[in-house]
Enquirer: 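Here it is, the structure, as structure tokens.
A, B, ... follow the sequence lines: proteins, then strands. Residue 1 opens every chain.
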Amino acid sequence: MPELPEVESVRRQLAPGLSGRRIAAVWHHTQPRYLDLHLAAGRTVLSVGRRGKFLLCPLDTQLELVLHLGMTGTLRFAPLDAAAAPGPDPLDPHVHARLALDDARELVFRDVRQFGRLAVVRAGDYARIPTLAQLGPEPLSDAFDPGRFARQLAATRAPVKPWLLTQRPVAGVGNIYADEALWLARVHPASRRVGPRRARALHAAIRRVLADAIEREGTTFRDYRMVNGASGRNASHLVAYGQAGRPCPRCRTPLRKVWLGGRGTTFCPACQRR
DNA sequence: CACGCCTCCTGTGCGC
DNA sequence: TGCGCACAGGAGGCGT
């Protein structure tokens with residue numbers, strides 16, 4: 001589900017309701033995907049930030065709540081039944097964690113496929129969250145430098161799309177926006193050699209595609225919802241992802257779907273050359 | 001070290 | 001209608 005634009009849209013709705021709140025109690029399913037989450041109990045949320053696809057909430061006492069929504073994770077606020085002990089939702093087996101707040105509400109984490117992760121760590125200590133520890137620069141910040149990106153791209157021999165998905169060259173690009181950005185920059189997703197001109201085009205395309213998707217509050221196919229339950233509006237603007245067989249908007253050649261690095265990949269065989 | 005493959009889950013849609 | 005299979009927006013772990 002959520003790539004950077006979706007997580008950013010969640011963050012913007014989450015922050016007003018969560019910043020400044022004390023977490024009164026914590027319940028979660030006992031799985032290794034929920035790391036030291038109980039340490040959040042009694043702590044106050046100082047702010048709600050984001051790096052790539054991770055939500056980062058500094059807590060008082062130098063702790064930090066880290067949330068990753070995986071493929072199907074959603075967050076929502078619900079009225080808190082003060083009489084009920086925190087526990088599984090008898091009506092919804094997909095609720096995996098609940099954070100009771102000090103304002104008679106709770107934050108509910110629902111995750112059908114259970115690829116999401118929640119953790120409480122020492123602030124800034126991401127040693128147990130490898131992707132976060134090695135996360136590349138924020139794509140919409142000055143830290144995402146076109147020259148450096150081009151040099152890193154020149155140095156790797158990995159196919160460009162799987163390389164983007166590692167989160168190391170740049171934070172927050174997933175399967176949808178990788179296909180979209182590669183199409184926009186006319187870069188073949190399996191290319192292992194991307195020259196400086198195309199690298200800069202790809203850098204610009206990543207920014208463009210992500211900024212436009214944030215503007216539309218993300219892409220909803222099925223599971224992705226914002227905190228208020230609303231869908232994003234970007235799905236109807238997709239040019240490559242999910243459009244196999246349809247004519248390329250640039251050259252009318254039918255878009256082709258291939259399997260690359262274990263992910264479905266759609267591209268234009270005519271205008272995305274190796 | 002870098003890369004590539006498999007795995008973790010559940011739900012849905014499609015072909016037979 | 002029912003069954004089995006492929007696939008889905010992510011990333012961690014392991015083998016080579």
Side-chain angles (χ1 to χ4, degrees), chain A residues 1-10 28-35 50-55 66-75 89 92-97 109-119 126-136 152-182 189-193 206 209-210 213-214 216-226 231-245 257-266:
Chain A
M1 166 184 35
E3 306 180 31
L4 186 149
E6 291 74 35
V7 178
E8 176 60 19
S9 300
V10 167
H28 65 92
H29 269 143
T30 55
Q31 292 174 23
R33 291 194 157 83
Y34 309 119
L35 187 65
R50 179 192 56 73
R51 276 280 284 127
K53 305 173 194 174
F54 292 86
L55 290 165
V66 179
L67 305 95
H68 193 294
L69 302 176
M71 289 277 245
T72 57
T74 60
L75 294 164
D89 184 334
D92 186 352
H94 299 306
V95 168
H96 288 282
F109 178 64
R110 184 172 192 272
D111 187 12
V112 171
R113 289 183 69 185
Q114 300 173 225
F115 292 164
R117 288 159 192 268
L118 307 181
Y126 306 135
R128 290 189 291 177
I129 310 171
T131 301
L132 182 55
Q134 300 198 76
L135 194 63
Q152 290 178 314
L153 195 41
T156 185
R157 292 282 77 84
V160 57
K161 182 185 172 184
W163 179 76
L164 285 176
L165 296 183
T166 65
Q167 308 301 302
R168 278 205 226 102
V170 59
V173 176
N175 210 29
I176 296 177
Y177 302 110
D179 279 6
E180 295 295 298
L182 289 163
S191 177
R192 295 172 184 266
R193 309 271 170 157
I206 288 167
V209 157
L210 294 177
I214 290 172
R216 301 180 188 119
E217 299 180 293
T219 301
T220 297
F221 295 115
R222 358 167 3 92
D223 302 286
Y224 164 63
R225 290 291 185 282
M226 286 177 275
S231 297
R233 304 182 305 279
N234 195 59
S236 60
H237 294 264
L238 295 178
V239 172
Y241 181 88
Q243 309 300 310
K257 182 166 184 180
V258 297
W259 201 253
L260 183 59
R263 315 297 296 276
T265 298
T266 304

Enquirer: Can you check the A:Phe115 CZ to C:dC7 P distance for me, whole Å?
Expert: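 About 16 Å, once rounded to whole Å.
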Enquirer: So which nucleotide from C:dA8, C:dA11, B:dC8 ends up closest to the side chain of A:Met71?
Expert: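 The closest nucleotide is C:dA8.
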Enquirer: Between A:His94 and B:dG11, does any side-chain N or O lie under 4.0 Å from OP1 or OP2?
Expert: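 So the side-chain polar atoms of A:His94 do come within 4.0 Å of the phosphate oxygens OP1 or OP2 of B:dG11, strictly under.
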Enquirer: Could you tell me how far C:dC7 sits from B:dC5 if I compare only their P atoms? Round to whole Å.
Expert: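 The same atom, P, in both gives a distance of 16 Å.
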Enquirer: Any idea how A:Phe221 and A:Tyr241 line up, ring-wise: parallel (<30°), tilted (30 to 60°), or perpendicular (>60°)?
Expert: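 Ring orientation of A:Phe221 relative to A:Tyr241: tilted.
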Enquirer: Do A:Thr220 and A:Glu6 have side chains that approach each other closer than 4.5 Å (heavy atoms only, starting at C-beta)?
Expert: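 Side-chain contact under 4.5 Å: no.
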Enquirer: Looking only at heavy atoms, what is the nearest atom pair of A:Ala158 and A:Trp163, with distance?
Expert: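 Smallest heavy-atom distance, with atoms named: CB-CB, 4.3 Å.
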Enquirer: Rounded to the nearest angstrom, tell me the gap between atom CG in A:Leu164 and atom P in B:dG4.
Expert: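 Value for this atom pair: 14 Å.
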Enquirer: Taking the side chain as every heavy atom from C-beta outward, state whether A:Asn234 and A:Glu217 have any atom pair closer than 4.5 Å.
Expert: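 They are not in contact (no side-chain heavy atoms under 4.5 Å apart), so the answer is no.
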Enquirer: Check every strand shown and say whether A:Arg117 touches a base, only sugar-phosphate, or nothing at a heavy-atom separation below 4.0 Å.
Expert: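 Touches sugar-phosphate only.
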Enquirer: Looking at A:Tyr241, I'd like to know whether one of its side-chain N or O atoms comes within less than 4.0 Å of OP1 or OP2 on C:dG9.
Expert: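 Yes, within the criterion.
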Enquirer: Using whole Å, report how far CD of A:Glu3 lies from C1' of C:dG10.
Expert: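 Distance check: A:Glu3 CD to C:dG10 C1' gives 9 Å.
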Enquirer: Just checking A:Arg157: base, sugar-phosphate only, or nothing, at a heavy-atom cut-off of under 4.0 Å?
Expert: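 Sugar-phosphate: the residue A:Arg157, judged by heavy atoms under 4.0 Å, touches backbone atoms but no base.
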Enquirer: Is it the case that more than 12 heavy atoms not belonging to A:Arg233 sit under 6.0 Å from its CZ atom?
Expert: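 It does: A:Arg233 CZ has more than 12 such atoms within range.
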Enquirer: Which of these nucleotides, C:dG9, C:dA11, B:dC9, is closest to any side-chain atom of A:Lys53?
Expert: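 Of all the options, the side chain of A:Lys53 is nearest to C:dA11.
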Enquirer: For C:dA6 and B:dC6, measure between their P atoms and round to the nearest Å.
Expert: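 Straight-line distance between the two P atoms is 14 Å.
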Enquirer: Closest-nucleotide mapping onto DNA chain B: is A:Arg222 or A:Thr156 further toward the 5' terminus? I mean the 5' end.
Expert: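 That would be A:Thr156.
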Enquirer: Quick check for you: among C:dG9, B:dC3, C:dG13, whose closest atom lies nearest to any side-chain atom of A:Ala158?
Expert: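 Among the listed nucleotides, the one closest to the side chain of A:Ala158 is B:dC3.
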Enquirer: Starting at CD of A:Glu180 and ending at P of C:dG9, how long is that distance when rounded to a whole Å?
Expert: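 Those two atoms, CD and P, are 12 Å apart.
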Enquirer: Given B:dT10, B:dC9, C:dA8, identify the nucleotide with an atom nearest to the side chain of A:Lys257.
Expert: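 Nearest to the side chain of A:Lys257 among the choices is C:dA8.
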Enquirer: Is the closest side-chain heavy-atom distance between A:Arg117 and A:Leu35 below 4.5 Å?
Expert: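 Contact flag for A:Arg117/A:Leu35 side chains = no.
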Enquirer: Give A:Arg192 one of three labels, base, sugar-phosphate or nothing, depending on what nucleic acid heavy atoms sit under 4.0 Å from its own.
Expert: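 Answer is sugar-phosphate: A:Arg192 comes under 4.0 Å of backbone atoms only.
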Enquirer: What distance, rounded to whole Å, do you find between the two P atoms, one in B:dC9 and one in C:dC3?
Expert: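 B:dC9 and C:dC3 have their P atoms separated by 24 Å.
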Enquirer: Using OP1 and OP2 only, check whether a side-chain N or O of A:His68 sits under 4.0 Å from C:dA11.
Expert: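 Checking A:His68 against C:dA11: at least one side-chain N or O falls below 4.0 Å of OP1 or OP2.
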Enquirer: Distance check, P atoms only: C:dC5 and B:dT7, in whole angstrom units.
Expert: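 Per the computed distance, 16 Å lies between those P atoms.
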Enquirer: Counting Watson-Crick and G-U wobble pairs only, both distances under 3.5 Å, name the nucleotide matched with B:dG13, or none.
Expert: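 C:dC5 - that is the nucleotide pairing with B:dG13, both distances being under 3.5 Å.
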Enquirer: Determine the contact category for A:Gly262: base if any of its heavy atoms lies under 4.0 Å from a base atom, sugar-phosphate if only primed atoms, P, OP1 or OP2 are that close, otherwise nothing.
Expert: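 No contact.
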Enquirer: What contact category does A:Pro159 fall into here, base, sugar-phosphate, or nothing, at under 4.0 angstrom with non-hydrogen atoms?
Expert: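 Counting heavy atoms under 4.0 Å across all strands, the contact made by A:Pro159 is with sugar-phosphate only.
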Enquirer: Send over the distance from A:Trp163 CH2 to B:dC1 C1', rounded to a whole Å.
Expert: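 Nearest whole value for this atom pair: 16 Å.
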Enquirer: Expressed in angstrom and rounded to an integer, what is the separation of A:Arg263 atom CZ from C:dA8 atom C1'?
Expert: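 Taking atom C1' of C:dA8 as the reference, CZ of A:Arg263 is at 9 Å.
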Enquirer: In terms of side-chain heavy atoms of A:Val112, which of C:dA8, B:dG11, C:dG9 is nearest?
Expert: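 For A:Val112, the side-chain atoms sit closest to B:dG11.
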Enquirer: Between C:dA11 and A:Gln167, is there an OP1 or OP2 to side-chain N/O distance shorter than 4.0 Å?
Expert: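 Yes, such a contact exists.
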Enquirer: Output the rounded distance in Å from CE (A:Met226) to C1' (C:dG9).
Expert: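 Value for this atom pair: 15 Å.
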Enquirer: So which nucleotide does C:dC14 pair with, by the Watson-Crick or G-U wobble rule with both distances under 3.5 Å?
Expert: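 Pairing partner: B:dG4.
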Enquirer: What integer distance in Å separates A:Arg33:CZ from B:dC9:P?
Expert: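 My rounded result for the distance is 6 Å.
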Enquirer: Which heavy atom of A:Gly52 sits nearest to which heavy atom of A:Ala171, and what is that distance?
Expert: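 For A:Gly52 and A:Ala171, the tightest heavy-atom pair comes out as CA-CB, 3.6 Å.
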